[in-house]
Number of protein chains: 2
Amino acid sequence: MLNNVGPLKEETRERVLQAAAAVGYVPNALAQQFARRKSGNIGVILPFMPKVRLFSTYYFSEILSGIGETAKRCGYDLLLIFREQDGARDYANLFRTQKIDACVVLGSQDVPEERAALAELKAGDYPFCLVNQRYDEAAYATVDADHVSGSMEAVRHLLEQGCRSIAFINGPLQYSNSTDRLEGYKKALGKADIRYDQELVYVGNYSRKSGYELAERLALHIKSGSVDAIFAANDRMAIGLMQGLRESGLEAGKQYAMVGYDDSDGSSIISPQLTTVAVPFYEMGKLAAARLLDHTHTSEDEDTADSLLPVQLVIRETSIYE
Amino acid sequence: MLNNVGPLKEETRERVLQAAAAVGYVPNALAQQFARRKSGNIGVILPFMPKVRLFSTYYFSEILSGIGETAKRCGYDLLLIFREQDGARDYANLFRTQKIDACVVLGSQDVPEERAALAELKAGDYPFCLVNQRYDEAAYATVDADHVSGSMEAVRHLLEQGCRSIAFINGPLQYSNSTDRLEGYKKALGKADIRYDQELVYVGNYSRKSGYELAERLALHIKSGSVDAIFAANDRMAIGLMQGLRESGLEAGKQYAMVGYDDSDGSSIISPQLTTVAVPFYEMGKLAAARLLDHTHTSEDEDTADSLLPVQLVIRETSIYE
DNA sequence: CTGAAAGCGCTAACAA
DNA sequence: TTGTTAGCGCTTTCAG
């Protein structure tokens with residue numbers, strides 16, 4: 001009755017509204033949700049982050065804010081779901097219990113349990129959207145950034161600086177993120193007619209420490225001339241690596257060139273400032289939520305399509321030889 | 001019935017449970033919440049953060065994770081409330097509509113509207129807990145860190161390095177955080193029989209930019225010898241300031257000493273590495289939620305008491321003269 | 001100790 | 001168009 005169902009006399013409506021205000025009436029959200037069979041919540045599934053944070057907190061808070069913005073706009077609340085370590089990924093149950101009406105999954109990985117959990121969501125026809133992870137065969141709604149192009153740009157830039165032996169520090173391959181970057185790396189090399197050399201590819205875990213630990217090996221290669229530039233799959237690894245390399249007397253922008261990825265806060269804090277690839281995390285969060293909640297202009301076929309947002313190379317100091 | 005109310009035969013219980021599993025029954029959370037008149041949600045009120053983020057995202061994600069941990073332990077879900085800019089701070093309504101059972105307020109400020117909103121919560125006897133902000137007269141449940149001691153330590157350390165004219169870059173005074181730091185600054189000075197000089201106190205807004213913008217003025221003072229050290233109320237301002245000072249040819253650890261606050265990621269990324277004060281954000285989040293949810297060992301008088309967690313000075317390079 | 005039944009406060013379908 | 005009423009799926013109370 002207090003909802004505007006069906007047109008009713010202006011006067012009546014107003015009187016009711018006034019009366020309600022006078023008595024201090026507020027609708028009970030619990031009862032509403034129950035009667036409507038809708039929680040009004042959009043769930044955000046967060047990856048388990050132990051001491052070593054998989055995602056820079058920059059990434060995390062930007063995406064969350066983006067989701068928050070659309071959620072608010074659409075009258076939804078945001079329910080945070082912290083995934084546990086051992087990872088009982090029973091996403092579907094969140095829907096069965098009606099805790100959430102839709103959800104966006106952050107930091108999902110390409111591992112069997114995750115595939116199963118997502119397939120179950122799909123099978124149950126529960127609305128969900130992935131951010132920053134794609135599964136090639138499966139057509140899930142996804143919002144991602146164009147990391148293939150981003151990596152190509154990064155490597156092309158390095159090539160333009162005259163670098164010829166570009167090492168690539170990637171993250172774990174269960175993230176499509178990582179495979180995308182590898183693809184971009186290869187493509188850029190191919191275009192420049194440079195042979196892809198597996199020996200030049202290293203893999204860390206996106207943490208600063210993992211970058212740091214690679215320094216010793218890389219230092220040798222740089223000094224021997226077998227590496228003249230490094231492309232790191234994220235800023236944290238790039239920064240750790242630069243720190244380690246410095247301990248060997250090697251400076252980015254001098255003995256080697258470096259490009260990172262993410263354009264996180266750290267990249268402009270350090271010196272020399274890190275050349276990196278900016279990713280529109282906030283926009284990605286906004287878009288992911290909109291795909292779920294914004295039923296105003298959802299052409300059906302858009303539902304399972306990828307949204308690939310553009311990234312941008314930000315040239316600073318580490319990739320420019322003095 | 002499916003809840004374990006009253007002892008019942010083991011056998012019966014088991015049979016029921018099995019039957020339930022067989023049919024694939026899952027309790028409807030909405031109905032439960034409605035019947036119990038409890039949403040099972042703990043709200044987290046987040047400050048509005050425009051482009052210039054008031055809180056380092058480090059702060060943000062740490063506290064949130066802490067809250068998440070206890071929430072999960074106590075079987076609660078976490079509902080995120082993004083405060084709007086103009087700030088309709090109708091916290092009490094979240095309780096009236098039953099969206100949340102309790103809430104923790106982050107980044108609350110000492111301004112009239114906020115005081116009113118909190119007073120209303122208190123009046124309605126709704127359980128809430130502040131993090132990182134105290135109101136002197138009002139006895140609200142609060143979890144904070146001991147910033148008075150932290151600042152004293154920081155300044156004392158600077159004094160021990162032989163510094164005598166210590167500038168202080170503070171944040172806005174509507175945060176008890178800021179006034180605490182000022183108090184610590186003054187106290188440390190007093191103990192060393194150094195006169196408190198208002199001229200040495202600057203105020204930024206906790207952003208890197210605001211630190212950077214202070215550089216020009218500080219550079220003059222450092223060069224003239226009227227300032228030999230700087231204590232900044234957070235790392236971001238310290239880092240911005242160091243960047244600005246560098247442009248004037250001034251290096252921390254050489255021409256001046258610098259101490260920051262927070263021990264954020266940035267502090268160990270930059271070089272020279274920043275001496276700073278570590279704050280247990282994660283623990284604070286955990287504790288705040290526990291105060292609200294953990295009714296196992298809540299002595300009544302504890303409900304409105306402050307919890308002041310210890311902080312720790314982390315000495316790195318910027319405060320040590322070479 | 002177990003089973004039946006009365007709500008919880010709203011929405012939605014339906015009758016007037 | 002408006003008012004009425006039957007649920008929504010659980011909890012809880014109260015007889016049995």
Side-chain angles (χ1 to χ4, degrees), chain A residues 1-43 71 74-77 79 81 90-103 124-127 293 295, chain B residues 1-43 71 74-77 79 81 90-103 124-127 293 295:
Chain A
M1 335 221 163
L2 278 182
N3 312 304
N4 27 11
V5 280
L8 78 167
K9 254 182 295 181
E10 258 313 310
E11 188 213 356
T12 316
R13 141 178 264 89
E14 210 142 299
R15 263 195 311 141
V16 173
L17 253 34
Q18 275 189 358
V23 187
Y25 168 83
V26 282
N28 180 319
L30 257 32
Q32 278 183 325
Q33 293 167 6
F34 177 53
R36 290 185 176 137
R37 262 145 303 200
K38 284 214 162 299
S39 68
N41 292 152
I42 175 172
C74 301
Y76 276 77
D77 284 313
L79 202 66
I81 319 285
D90 201 352
Y91 305 156
N93 218 46
L94 293 164
F95 286 93
R96 283 193 217 98
T97 60
Q98 308 231 45
K99 283 208 165 170
I100 59 177
D101 299 334
C103 84
D125 210 36
Y126 301 123
L293 308 180
H295 288 229
Chain B
M1 334 225 164
L2 278 183
N3 312 303
N4 29 7
V5 280
L8 78 168
K9 254 181 296 182
E10 258 312 312
E11 188 213 354
T12 319
R13 140 180 266 89
E14 212 143 296
R15 264 196 309 140
V16 173
L17 252 34
Q18 274 189 359
V23 188
Y25 170 82
V26 282
N28 180 318
L30 258 31
Q32 278 184 325
Q33 292 167 6
F34 177 54
R36 292 184 174 138
R37 261 145 305 202
K38 283 214 164 297
S39 67
N41 293 151
I42 174 171
C74 300
Y76 276 77
D77 285 313
L79 202 67
I81 319 284
D90 201 351
Y91 304 156
N93 217 46
L94 293 164
F95 286 93
R96 283 192 217 100
T97 61
Q98 309 230 47
K99 285 210 164 171
I100 59 177
D101 299 335
C103 83
D125 211 36
Y126 301 123
L293 307 180
H295 289 230

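For the numbers below, each heavy atom of this structure counts, side chains included, while hydrogens, waters and symmetry mates do not.
Among residues two or more places apart in sequence or in another chain, the side chain to side chain donor-acceptor pair (under 3.5 Å) test is passed with B:R96 by B:N93, B:E120. Partners of A:F34 according to the ring-ring contact (aromatic ring centres under 6.0 Å, His included) rule, which considers only residues two or more places apart in sequence or in another chain, are B:F34. Remark: A:Y126 pairs with A:F95 by the ring-ring contact (aromatic ring centres under 6.0 Å, His included) rule, at least two apart or across chains. Listed by chain and residue number, nothing satisfies the side chain to side chain donor-acceptor pair (under 3.5 Å) test with A:N28 (two or more places apart in sequence, or in another chain). Listed by chain and number, the residues in a side chain to side chain donor-acceptor pair (under 3.5 Å) with A:D77 are B:K99 (sequence neighbours excluded).
Of the candidate nucleotides C:dC8, D:dC10, D:dG7, D:dC10 has the atom lying nearest to any side-chain atom of B:Q32. Each of C:dT11, D:dT11, D:dG9 was ranked by its minimum atom distance to the side chain of B:F34; first place goes to D:dG9.
Protein atom CG of B:L30 is 13 Å distant from nucleotide atom C1' of C:dT11, rounded to whole Å. Rounded to whole angstrom, the span from the CZ atom of B:R96 across to the C1' atom of C:dG9 amounts to 17 Å. Between A:K38 atom NZ and D:dG9 atom C1' there is a gap of 17 Å when expressed in whole angstrom units. Rounded to an integer number of Å, the gap from CZ of A:R36 to P of C:dT11 is 5 Å. One interatomic measurement links the two molecules: NZ of B:K99 to C1' of C:dG9, which rounds to 16 Å at whole-angstrom precision.
Between the two ends of the helix from C:dC1-D:dG16 to C:dA16-D:dT1, each summarised by a five-pair axis, the helix axis turns through 50° (rounded to 10 degrees).
Between A:R37 and the phosphate of D:dC8, there is no side-chain N or O to OP1/OP2 separation shorter than 4.0 Å.
Across B:C74 and B:L293, no two heavy atoms sit closer than the pair SG-CB, 3.8 Å.
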